[in-house]
Amino acid sequence: MSFQKFKPQIQAILDHKENSVDERLLDLCKLLKAEIPYYNWVGFYFRNGDKEELKLGPYAGEPTDHTIIPFGKGICGQVAVSNQNFVVPDVKAQDNYIACSIHVKAEIVVPLFVNGENIGQIDIDSNTPDPFSAEDERFLEWVNEQVAKIL
Ligand code: SME
């Protein structure tokens, strides 16, 4: 997958100041889901105020029941605590995993930092087994760096 070609489009979406931040993030989620065949659900979770929990932000894909995730729970909750990328090639092999859909085979979660603080994350579910590489990690780190500039 050549991620490079998406960068100008992503920058244009995020720079579109007539739209609210949530509208821009939604457009970003929709773009990633539409353009990358193995990105089947793309969404943002953000820390919910001062609480030790994540709250679902803009997303593209099937609605999920998991709009609030306590820190430490599931892949997302673990990333809120670890500050590290979490690549899951096979969700069935994870004990601490929150299933959103029976179709999901793999997941990647990359933390989003503002001024060095982990304030949320991008979460991607895939219906393809083991689809994510280091290239996805570098790309999503770049995406989050761009998002951080508009928050
Ligand atoms: N699977 C995630 C929950 C969020 S959904 O993928 C949208 C987890 O284990 O944290």
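Indexing begins at 1, ligand by ligand and atom by atom, following the structure's order.
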Q. Tell me, which protein residue and heavy-atom name are nearest atom 7 (C) of ligand 1, and how many Å apart are they?
A. Cys100 SG, 3.1 Å

Q.
So, 4.0 Å and heavy atoms of Tyr45: is ligand 1 close enough to count as a contact?
A. yes

**Q.** Close N or O approach (Ile98, ligand 1; < 3.5 Å)
**A.** yes

Q: List every atom of ligand 1 that sits less than 4.0 Å from any heavy atom of Trp41, numbering the atoms from 1 in the order shown and giving each element.
A: 7 (C)

Q: Show which atoms of ligand 1 fall inside a sub-4.0 Å distance from at least one heavy-atom site of Asp125.
A: 5 (S), 6 (O), 7 (C)

**Q.** Whether over 12 other heavy atoms sit under 6.0 Å from Glu62 CD
**A.** no

Q. Any salt bridge between Glu135 and Arg138, counting N to O under 4.0 Å?
A. no

Q. Where is the nearest protein heavy atom to atom 2 (C) of ligand 1: which residue, which atom, and how far?
A. Glu107 OE2, 3.2 Å

Q. Of Pro89, Pro37, Pro131, which is the lone residue that meets side-chain contact (heavy atoms from CB on, under 4.5 Å) with Ser126?
A. Pro131

Q.
Below the 3.5 angstrom mark, is there an N/O of Asn96, backbone or side chain, next to an N/O of ligand 1?
A. no

Q: Of the side chain and backbone of Cys76, name the one, both, or neither that has a heavy atom under 4.0 Å from an atom of ligand 1.
A: both

Q | Glu53/Arg47 ion pair, N-O < 4.0 Å | A | no

Q) Can you name the closest pair of heavy atoms from Glu107 and Asp123 and give their distance? A) OE2-OD1, 2.6 Å

Q | CD1-CZ distance between Ile36 and Phe139, expressed to the nearest 0.5 angstrom | A | 4.5 Å

Q: Indicate, as side chain, backbone, both or neither, the part of Gln94 found under 4.0 angstrom from ligand 1 when only non-hydrogen atoms are considered.
A: neither

Q | His66 to ligand 1, any heavy atom closer than 4.0 Å | A | no

Q | Residue and atom name of the nearest protein heavy atom (relative to atom 8 (C) of ligand 1), distance in Å to one decimal | A | Ile75 N, 3.3 Å

(Q) Applying the ring pair (Phe, Tyr, Trp, His ring centres under 6.0 Å) criterion to Tyr59, which one of Trp41, Phe46, Phe44, Tyr45 satisfies it? (A) Trp41

**Q.** ligand 1 atoms in contact with Asp123 (distance to a heavy atom under 4.0 Å)
**A.** 4 (C), 5 (S), 6 (O), 7 (C)

Q. Do Tyr39 and Asp136 have a side chain donor and acceptor closer than 3.5 Å?
A. yes

